[in-house]
**Q** 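This is the structure I have questions about; it appears just below.
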Amino acid sequence: MIPRRVDEGIYEVSPEMKVVKFNETIMNFTMAVPARIYANEYLMERIARDKSVDQITNVACLPGIRKQVIAMSDAHQGYGFCIGGVAATDVEGGAISPGGVGYDINCGVRLLRTPLKYAEVAPVLPELTEALFQAIPSGLGSRGKLKITNTDLDRVLDEGINWAIDNGYGFEKDRVNCEDNGFTQGADSSIVSAKAKARGIRQLGSLGSGNHFIEIQKVAEILDPVAAKIMGIEKDQVTVMIHTGSRAMGHQICTDSLQEIDHLMHREGIIAPDRELGYVISGTKEADRYLAQMRAAANFAWTNRHIIMHWARGAFNNVLNVKPEDMELVYGLAHNILKQEEHDLGDGKRGMVNVHRKGATRAFPPGHKDVPLNYREIGQPVLIPGSMGTSSYLCVGQQKAMDLSFASTAHGGGREMSRSKAKRKFFGKNIKQELNDRGISVRAASLKVLAEEAPLAYKNIDEVVGVSHNLGIVKKVARLVPIGVTKG
DNA sequence: ATGTTC
């Protein structure tokens, strides 16, 4: 299954039969739609090194799959379904797969703008980075500073940032520039396991580990002055980017759901092309059960990022006397989630589909009803962070995204090297020194994570974003560079 | 990603 180049930036595996071996048993599956990879030569060569292409051809065999399965330019192998993967299935009878969402349910990114210029921040950069690190608990197993009751937690799971705003975190206006307004409807806290709640309750307002970060950034380059102005972004301005997810809450919900689904498939004698690609049928009570829990995890993640944003504002206030209300949310989004959306399904048909975005960012074009009114004329803001120490991009969704990718784009640099390989190759101490030498303050809970997250463990972010830009999926608006980094 | 093999 070698993808062939079909157009500039587009590779494809045409529908064919897949022969899959399970120990002694051999089974046939048929791809109902093509599997596509959006990449240039540099990225395609890297994506082809792992199981990503095999994984998207497996997804193309799932029930009710529509139009095409896509691996974005940052794709790499994941659990059952590649990270950087997008797939849409019929809401009536199509597959819903937790592997298509991922363990870190509703992981995502927020961008805050500040009224500060780089020159004002540079003299206190180490102090400011330290203040952020102290304000937000970080690291593996990190616990939030909040003491909340079980009733509070249920409200977080059912109502997202509405709970946080009611309890004095952030402002009313923070709802406006956030996907789903920070509140994903259709969650049901009453069916989330006691174990997930026990793990999650102490972690609200914590960063976690791995690729999660808080970054102080400088606007290095304005690429679309009109859109940048509408978003209040100008050259040399200081911004703050927050990247984290639903912590152990989402992880446990995914684990619980996969286990239930595994048992159900076994009982019913259903076999997926990959054991990691378990699924339920959309519209059944089992699918609704997964969705209601997934949405509860989504609300946890929205609230987690919201509370971290609130404390980040506090840190800037303490060090530089910036008023919290002057640090406005530019946009907040998710990149590990399933959404039921209406799309063009080819052959002139439109319909509601389950859009699985796993390490992929929604990118609605100008005029779409789900883009906040203040951004409607430019398209949905899209945040694509690079790896630690490299650029991040602020973009806006464009019309071609509706045809090419179920309104989706890449979500980041995308790993090129496994964590274990990165740890063998790099040393955290050296990575920290190299960043410091480039004028970037670094504060991390562990040196190990700095090695795992070394810039060279990732694909080149300029290439990744360039593919989506050239295809007309997004338009680049601004390039942001890190000046202070905190990590787990 | 994750109390990184309940």
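Lettering of chains follows the sequences in order, A, B, ..., and the numbering in each one begins at 1.
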**Q** Checking all strands, does A:Glu453 fall into the base, sugar-phosphate, or nothing category for heavy-atom contacts under 4.0 angstrom?
**A** sugar-phosphate

**Q** Please, which pairs that meet salt bridge (charged side-chain N to carboxylate O under 4.0 Å, His left out) have at least one residue in residues 289-302 of chain A, sequence neighbours excluded?
**A** A:Glu260-A:Arg289

**Q** Filter on salt bridge (charged side-chain N to carboxylate O under 4.0 Å, His left out), then keep only pairs touching residues 406-425 of chain A, sequence neighbours left out; what's left?
**A** A:Arg46-A:Glu416, A:Arg49-A:Glu416, A:Arg415-A:Glu453, A:Arg419-A:Glu452, A:Arg419-A:Glu453, A:Lys423-A:Glu452

**Q** At what distance, to the nearest 0.5 angstrom, does CE of A:Met265 lie from CD of A:Glu286?
**A** 12.0 Å

**Q** Select base, sugar-phosphate, or nothing to describe what A:Gly245 touches, counting heavy atoms under 4.0 Å on all strands.
**A** nothing

**Q** What is the separation between atom CZ on A:Arg143 and atom P on B:dT2, rounded to the nearest whole Å?
**A** 15 Å

**Q** I need the CZ-C1' distance between A:Phe300 and B:dT2, as an integer number of Å.
**A** 13 Å

**Q** Residues of residues 190-204 of chain A with any non-hydrogen atom less than 4.0 angstrom from an atom of DNA chain B: list those, numerically ordered, please.
**A** A:Arg199, A:Gln203

**Q** To the closest 0.5 Å, what do you measure between CG (A:Asp50) and CD1 (A:Ile47)?
**A** 8.5 Å

**Q** Kindly compute the distance separating NZ (A:Lys459) from CG (A:Leu43), expressed to the nearest 0.5 Å.
**A** 7.0 Å

**Q** Using whole Å, what does the distance between atom C1' of nucleotide B:dC6 and atom CD of A:Glu260 come to?
**A** 16 Å

**Q** Report which part of the nucleic acid A:Ser246 touches: base, sugar-phosphate, or nothing (heavy-atom distance under 4.0 Å, all strands).
**A** nothing

**Q** Nearest-Å distance, CG (A:Asp256) to C1' (B:dC6)?
**A** 12 Å

**Q** Find the distance A:Gln259:CD to B:dC6:C1' and express it as a whole number of Å.
**A** 9 Å

**Q** Quick one: A:Leu207 CG to B:dT2 C1', roughly how many Å, whole number?
**A** 14 Å

**Q** Between A:Lys51 and A:Glu276, does any NZ, NE, NH1 or NH2 come within less than 4.0 Å of an OD or OE carboxylate oxygen?
**A** no

**Q** For the residue pair A:Tyr331 and A:Tyr375, does the interplanar ring angle fall in the parallel (under 30°), tilted (30 to 60°) or perpendicular (over 60°) class?
**A** perpendicular

**Q** Let me know the distance between OH of A:Tyr79 and C1' of B:dT2, rounded to the nearest Å.
**A** 13 Å

**Q** What contact category does A:Lys448 fall into here, base, sugar-phosphate, or nothing, at under 4.0 angstrom with non-hydrogen atoms?
**A** base

**Q** Separation of A:Tyr103 atom OH from B:dT2 atom C1', in whole Å?
**A** 9 Å

